[in-house]
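Remarks on the structure that follows.
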Protein chains: 2
Amino acid sequence: MSPSRKSGDSYHHGDLRRALVEAATAIVAEDQNWEFSLREVARRAGVSHNAPYRHFPEKLDLLAAVAAEGFHSLRSAMIEAAKAPKSPDDALVAIGSAYIRFGTENPARYRLMFGAALAASKAALPPLVGQAAAASRDVLAAVVADGVRQNRFAAAPGDDGEMSILALSAWATVHGLTMLIIDGLSDVEPSPSLPERVGRALLDGVRKR
Amino acid sequence: MSPSRKSGDSYHHGDLRRALVEAATAIVAEDQNWEFSLREVARRAGVSHNAPYRHFPEKLDLLAAVAAEGFHSLRSAMIEAAKAPKSPDDALVAIGSAYIRFGTENPARYRLMFGAALAASKAALPPLVGQAAAASRDVLAAVVADGVRQNRFAAAPGDDGEMSILALSAWATVHGLTMLIIDGLSDVEPSPSLPERVGRALLDGVRKR
DNA sequence: ACCTGAACACCGTTCAAGT
DNA sequence: ACCTGAACACCGTTCAAGT
């Protein structure tokens, strides 16, 4: 057994960091509550309650790691959704739908992703999370830019050349909707067709008429 | 000193409930952190650490009370903003601006308002919060409905008669944007003119062209 | 009715050790 | 290096009393 083994094999040691992230993710999925205790994560991972401190200086750092992984998943889901469609219109609907579906299908995980920022409070957002979030936003932004380039989407008047406001708006709409649905504040019944309908509404918001 | 004194005078007793809500609100504003401890609230109010249980069965209920009051404030800010403008266009921009300003000027309070829902997790949203939130949403919805009625806003295609999706979309946009800005996930620099610009972008999303 | 003090089972974090 | 057990200062909540 040389030490050159791939870090992917998880006997029990060597990848405690990954084990902790997975344990935390599992707890969140099972309890459907984004607030987990560090001690429970350690128990689940089979280590003492302060072994995690070797890998994460404080609880917030584990939270950030879980959140960042969540954003990577979200990004994958969006990329997957954007694969098939040809037109920017279809792509935007597909991506919007995938986004809402991702959030509403595992609300606790979605809340954690933004709750990590939330927990940070005054402090700056953990860079890990910020980058991961930006990466998933960029999938949406790319499609929006595509639509503008093909002259199908209307850039906002104030957006001279830049299209950041338009992309930000689109992100805000799907994010806000996801949150409102998760929080039970949307009065539209959450039918399976909702993501699709929201995707269409999103499209109508940017489409050139 | 008859007991028929108005409940508004706060010597020290009689209105502990209000004192607790105010103490919690003050702590959130000072720490800029929406997570306060029940014991600290009690200390601040000058009572023992479990006196609050006479008024709030559990911590979540105090959280909900603070959140509900926050929604009342938000509603007032929106109503105030909608007063002056005449056209639905101006009103929507004004309301959107006021909304974003409310959220970004006291992020901790805004996060708490939605964090109360968040904390509830699987359980249903505290009715108190749900109603207060709906009441403030309705200010926005009324202006949107006005615009549709005057044929200045375009109802979404799927919205046969109802305009709930359009209003929900508008709410989602301002809510999402507020959250993204608060969380530091918006890459647009938070200039004082941002609320105004966002209000205009919101308008462009619904306006008939 | 409303409030108290002591107690319970937790928590995040630290520290002096162990290997 | 990595992990442990004991300890510290908290927390939410409960309970038997006090007035």
Side-chain angles (χ1 to χ4, degrees), chain A residues 1-5 7 9-21 23-24 27-28 30-31 33-67 112 115-116 118-123 126, chain B residues 1-5 7 9-24 27-28 31 33-67 112 115-116 118-123 126:
Chain A
M1 304 255 178
S2 73
S4 65
R5 271 170 156 286
S7 69
D9 76 311
S10 57
Y11 263 104
H12 237 193
H13 300 88
D15 53 357
L16 177 56
R17 191 196 152 88
R18 168 142 299 274
L20 290 169
V21 173
I27 291 170
V28 169
E30 282 168 31
D31 298 356
N33 182 351
W34 74 273
E35 283 188 289
F36 57 81
S37 105
L38 203 48
R39 288 169 103 112
E40 194 191 342
V41 173
R43 276 192 293 271
R44 166 92 61 146
V47 292
S48 87
H49 68 267
N50 46 15
Y53 286 90
R54 289 291 133 192
H55 299 271
F56 302 101
E58 48 179 319
K59 187 187 175 181
L60 180 61
D61 297 302
L62 174 54
L63 211 57
V66 176
L112 179 141
L118 195 150
S121 227
K122 324 178 73 168
Chain B
M1 304 258 176
S2 73
S4 64
R5 271 170 155 287
S7 68
D9 77 310
S10 57
Y11 263 103
H12 238 192
H13 301 88
D15 53 356
L16 178 56
R17 191 194 152 90
R18 169 143 299 275
L20 290 168
V21 173
E22 277 170 11
I27 291 170
V28 169
D31 298 355
N33 181 354
W34 74 273
E35 284 189 289
F36 56 83
S37 106
L38 203 47
R39 287 169 104 112
E40 194 192 344
V41 173
R43 276 192 293 271
R44 165 94 58 146
V47 292
S48 86
H49 67 269
N50 47 13
Y53 287 89
R54 290 290 134 195
H55 298 272
F56 303 100
E58 46 179 320
K59 186 187 176 181
L60 180 60
D61 297 300
L62 174 54
L63 210 58
V66 176
L112 179 142
L118 196 151
S121 228
K122 322 179 74 167

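In what follows, every chain begins at residue 1, and chains take the letters A, B, ... in the order their sequences are listed.
- Within the structure, salt bridge (Lys or Arg N to Asp or Glu O under 4.0 Å) contacts touching residues 37-53 of chain A (residues at least two apart or in different chains) are A:Glu30-A:Arg44.
- One can place CG of A:Leu20 at 13 Å from P of D:dC2, the figure rounded to the nearest angstrom.
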B/S/- contact track for nucleotides 7-19 of chain D, protein heavy atom under 4.0 Å: B---SBBBB----
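- A:Arg54 meets the side chain to side chain contact (heavy atoms under 4.5 Å, CB included) test with no other residue; sequence neighbours excluded.
- With C1' as the reference atom, D:dC2 and C:dA17 are 13 Å apart, rounded to whole Å.
- A:Val21 places a side-chain heavy atom less than 4.5 Å from the side chain of A:Phe56.
- Using a 4.5 Å heavy-atom cutoff, the side chains of B:His55 and B:Leu16 are in contact.
- Evaluation of the side chain to side chain contact (heavy atoms under 4.5 Å, CB included) rule for A:Val28 yields A:Phe36, A:Ala108, A:Leu112 as partners, not counting sequence neighbours.
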Go ahead and write out DNA chain C as dot-bracket, 5' to 3': ( ) for pairs within the strand, [ ] for ones crossing earlier pairs, | when the partner sits on another strand, dots for unpaired; Watson-Crick or G-U wobble, both distances under 3.5 Å. ||.|||||...|||||.||
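- With sequence neighbours left out, the side-chain hydrogen bond (donor to acceptor under 3.5 Å, both in side chains) criterion links B:Asn50 to B:Ser48.
- We find the CG-CG distance between A:Leu38 and A:Leu63 to be 10.0 Å, quoted to the nearest 0.5 Å.
- In plain terms, the two heavy atoms of A:Arg17 and A:Ala65 that are nearest each other are NH2-CB, 4.1 Å.
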